[in-house]
Every structure is written in structure tokens, then in C-alpha cells.
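As the structure lists them, so they are numbered: ligands from 1, and atoms in each ligand from 1.
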Amino acid sequence: MHSRVHSLIHSQVHSRVQSRLPSLSVPKRTESEILIPVVPDEVLLNSNLIQHLALNAKDAALLYGVLMRTKEDPNSSETINYAPFTLFPSPVPTSLFNQAFEVQQDFNLLVDKISMDSEFLKNSLASTAEADEFTARLFNIYTQVLDEGIAQSITLGVNRSDYMFDKRPKLTATLKQVEINTIAASFAGLAARVPEVHRHVMNVWGKPDEAAKILSNKAVKGICKGIARAWHLYGSPDAVVLFLVEKISRNIFDQRCLEMELWKKNVQVIRRQMYEIYQRGTLDDNKKLFVDGIEVAVAYFRTGYSPDDYTCDECWIARLMIERSMAIKCPNIATHLVGTKKIQQELVREGVLEKFLPDDPAAVERIRETFVGLYSIDEGPDGDEIIAKALADPESYVLKPQREGGGNNIFGEELRQVLGGIKDKALRSAFILMDRIKPQVVKNYLLQSGAAVKLSECVVELGVFGVYIRNCNRLSMNLSAGHLLRTKRTEFADGGVAAGVAVLDTPYLI
Ligand code: ADP
Ligand code: MG
């Protein structure tokens, strides 16, 4: 069996020097695939200048708190490094940036409505749950809490919808959604600190006017507004916000940005791992959740989206305990399931968006504009047909399992092999196919600890954070809450910042 399929099954079981420098030309779109970078080629190719700017940039990153723990010592803050980031901000078309912000509240509403439609979730996820053990276990928790009755009518959503700027089939790029993350959507904290670093690089380069144009990022404020409001609605001043965290927390500083903002608002925060909830968590008769004797008002997940986060059955017991509780979950299990690749694929079917947003055709239109083709490959003639197309033209599709966190998707020749291997097996329902976006290419320098600074052709991915609160049947908060720009070399088809592939960036609107 192909090793990727094998590992999937296996994981299921275990479950910028002041001088006369060229002026910053407003970048123009060209006929070519490559978008002209914010910085002209004379600068990009001046290696002394680049080295000078890179040194300044790295120190600025350390000073402004764009930080990550090291690979070597991932659970200690004694030795730390800058989180990987681009030397220059990357150009982002203003219209696409605005479009992504405008559609975010529609997505918030949509995600929330789907999370309340148990029939839709059950029907859409049935075949996937049969083929994928991880989805099945999440789904079981969902059905169990549904049967028992949902203890908490208030829901907090913090999601991030991710997009690429697609060059097919037109010359002008369009905004196309890659996915929406409904659990543990990360990097708001660090992303909010990168603008200061890029402004400093532009100042050192001698471009203060341009530096001033770099957008600030209010992601942390937005997310914490949501968490703090949820905490307040819970109504118990001594209760805390529980951050559920991984065993190995390399990205802890991103989380700390949120924690510190909450403490400023006089909201107390505790951090625990899932296993610690199992060991020291209790539900009282009123389903109030206590950990180490401390009442939990809001359970905010920064773990729990990958089979690796459930190292033992006790972690699953802990997840169930949290879901059963009165604590306000971010997200609840239903909303977690809405973020699966399978649900994303089901939304593309005719009439589905209209079903969830019947009174808002404009919202349906805004959402649909961001979609590319997504296809079920469940057994049957439709599945067979799209599998045959993908096998004949693997460069035009992406094969996706029900996994999050980067590095799981299958492209190109590997897609052909894996798809060929599963096409006659029930396991195929564990995957979906998606049209492959052919993103705009831009040049930049990626600053990664220990790596040489070299000019690279890159693609960017824009994420917009959404925050909402539902209190019974009404959204009492619905925000577009800031953004994340991540950039990676074109040679990597997949992989995020945490995976060591993508780096943090800021948009320079053109
Ligand atoms: P994950 O949940 O692992 O983050 P994503 O759907 O976001 O999964 O995919 C991970 C990465 O794979 C993306 O950041 C992007 O680089 C690439 N990718 C995903 N879908 C597509 C697509 N349809 N076209 C081109 N690249 C894609
Ligand atoms: Mg992603």
C-alpha cells in the first residue's frame, strides 16, 4: 500500500540603507504570471542591502515579539527564535483583500447555521465517518451530546477563512477559498506583530511613506473581544478561560498574545492539555466544568483537530467531558465538524447555500464567488467520473483527506498514485477532490532561522479571522477580525508556518 495511505490509516488507528535608492514604484500587473513585488528588482538583487535589511528585520522581529520556540527545545522559553517571516511585505490587490473581509461575516453566519443542522451534518458526514476513524470519533461525540441535550446555548466561533489569488482561467487574479478553519485557527497573535517589523524594514530602506501604508492588524483585539464577551455572558466572575493546548507548544507566543490581551481585560486564563482535563477535570451536577477546582467559563481549543492530539483514549474522554459541560466551547463539536473538508465539499452542491441563507441571496453570491470546484468521490458514477478526470489530469486537482494542520494533501504524480490505489476501496470516501488553484507568483526573501537568505518565487495565502457569538438562536456578535498573510516558495504545494514551510507576511495593498 502507498505509504501516505498507510500512514493515514495508521493515524486513524491511533487514532528592507538610507541613500538614493530607486523609488518604490506602485507595482503593476503584467501579462506574466509573476506579480511585480513591492520592492523593485534593483533592490531585490542588491545583496549588501538585502543582508543589511535582513539583520535589521530579524532583530525587529525579536523586539516586536514575532517569536517561536526552537525545534531543538520546543517546550522551553529559555532559548527562543524569531518566527519565520518575509523580508518585505507582499503585494495584495486591494479589491481582493476587501472582498475577503466583506465575505467573512457571511461565512460566520453560514458556519453557525450549518452547526445547528444535525440532519445535514449527519447525512453529509455519514460515508466519511465510515471510512475515516478520526471523523467517526468526533462524530460520535457530536451525536452523544445531541442525544443528551446540549447544555450550553451560547456558542463562540473563532474561525479563519483562507484564500489564494487564483490566476486561472483569467489574467486578473480572483479570490478563491482554500478552506475554512473552525478550530484552533492560529497566528492572529504573531500576525498582528509583523506590520511593525515590515514598517521598520521599509524605514531602514528609506521609504517612510510606504512604511506608513502598511496596515495594522486587529486580529488579537477582535478574537479577544469575542472570548471576553463569551466569558462575560457565562456570568460567573470567578470562572476562567481555559486554553486547551498541545503537549509541545512551539507556537506558544502566538497563544500568549491572546492570553495577555485577556488578562488586560481582567479575564483570567489557564492553560491545560487534554490529558490534564481527563486527570483533574470534573463536571458537577449542573454540568459546570471544573479543572483543579477552577470553574471554566470558556473552553478555547488550540489543540484537538488532529488524531495526534488524542494520544490516548483519555484525551477522547476529556473532549467528551468538555462537550457535555456548561462551558462555552470555542468551537463546539458541531462547529468543529463544519470545518471538515467533507462539509466544505458539500457546500458547493446546488442549492445548499440557499438552504442555509434563504433570505440573503447577496450573501450566497458573495460566498459562492470564492468557491472552486469540490467533488465527492464516494462510490457511484459521479465519483467514478471525477476520479477518472483527476487520474487523467492530476495537476488540476488536489486530493484531500479529513485532516488539518498542513502537509496532508496530495498533489500531482502522488495524487495519481494514491487515487489509483484507493479508487476501488471504501476508503475513498475518506477523501475529497478539489480543483487546484494556480496562484499568482510573487518574489520575496524568506527569513527562516538557520537558512540562507535567498530570493524566492513565492505564493501567498490570505486568511481572514471571523468571530461570532450565538446566544440561543441569534448572533449577538459577528465580526471580521483581522488577517493573516502567509507566504511560501512555489516548490511547496502544501504546508503551513507550523510545518516549517510557510512564513509570516503582511499585505502591501496595491
Ligand atoms: P490544512 O487543513 O492542512 O491547512 P488546506 O486545505 O488549508 O489544509 O491545505 C493546505 C495547503 O495546501 C494550503 O495552504 C495550500 O498551500 C495547499 N492547497 C490546498 N488546497 C489547494 C487548492 N485547491 N489549490 C492549490 N493549493 C491548495
Ligand atoms: Mg490550511
Practice item. Could you pull out, from K400, R436, E461, the option with a heavy atom nearest to atom 19 (C) of ligand 1? Key: K400
Check your understanding: Does G496 reach ligand 1, in the sense of a heavy atom lying below 4.0 Å from it?
Key -> no
**Study point:** Identity and separation of the nearest protein heavy atom to atom 3 (O) of ligand 1
**Key:** G406 N, 2.7 Å
Practice item. Identify, by atom number and element, the atoms of ligand 1 in contact range of V398, meaning under 4.0 Å from any of its heavy atoms. Key: 21 (C), 22 (C), 23 (N), 24 (N)
Review point. Once the angle between the rings of F243 and Y300 is folded into 0 to 90°, is it parallel (under 30°), tilted (30 to 60°) or perpendicular (over 60°)?
Key: perpendicular
Review point. What atoms of ligand 1 come within less than 4.0 Å of a heavy atom belonging to R403?
Key: 2 (O)
Practice item. Could you label the plane-to-plane angle of the F97 and F101 rings as parallel, tilted or perpendicular, counting under 30° as parallel and over 60° as perpendicular? Key: tilted
Exercise for review: Could you check atom 9 (O) of ligand 1 against the protein and tell me its nearest heavy-atom contact, residue, atom and distance included?
Suggested key: N409 ND2, 2.8 Å
**Study point:** Closest to atom 17 (C) of ligand 1 (judged by heavy-atom distance), picking from A493, G339, S396
**Key:** A493
Practice item. Could you pull out the N/O/S protein atoms under 2.8 Å of the Mg ion (ligand 2), ignoring any water? Key: E179 OE2
Review point. With a 4.5 Å heavy-atom cut-off, do K389 and Y397 have their side chains touching?
Key: yes
Point to revise | Distance filter under 4.0 Å to M434 heavy atoms, resulting ligand 1 atoms | key: 23 (N)
Check your understanding: Which distance, rounded to the nearest 0.5 Å, do you find between the CD of E259 and the CG of D254?
Key -> 10.5 Å
Check your understanding: Which is it for D435 and ligand 1 at heavy atoms under 4.0 Å: side chain, backbone, both or neither?
Key -> backbone
Revision key, fill the gap. Residue, atom and distance of the protein heavy atom nearest atom 8 (O) of ligand 1 read K341 NZ, 3.4 Å
Revision key, fill the gap. Closest non-hydrogen atoms of Y310 and M274, given as atom of the first, atom of the second and distance, are CE2-CE, 3.6 Å
Check your understanding: With under 30° as parallel and over 60° as perpendicular, where do the rings of Y163 and F107 fit, or are they tilted in between?
Key -> tilted
Check your understanding: When rounded to the nearest 0.5 angstrom, what distance separates CZ in R193 from OH in Y64?
Key -> 11.0 Å
Check your understanding: Nearest non-hydrogen atom to atom 26 (N) of ligand 1 belongs to which of E179, M164, R160, Q344?
Key -> M164
Point to revise | Atom indices of ligand 1, in the order listed, that fall short of 4.0 Å to a heavy atom of G405 | key: 1 (P), 2 (O), 3 (O)
Practice item. Return the option from D494, N181, N408 holding the heavy atom at the smallest distance from atom 10 (C) of ligand 1. Key: D494
Practice item. If you have a sec, work out which protein heavy atom is nearest atom 16 (O) of ligand 1 and how many Å separate them, to one decimal? Key: K488 NZ, 2.7 Å
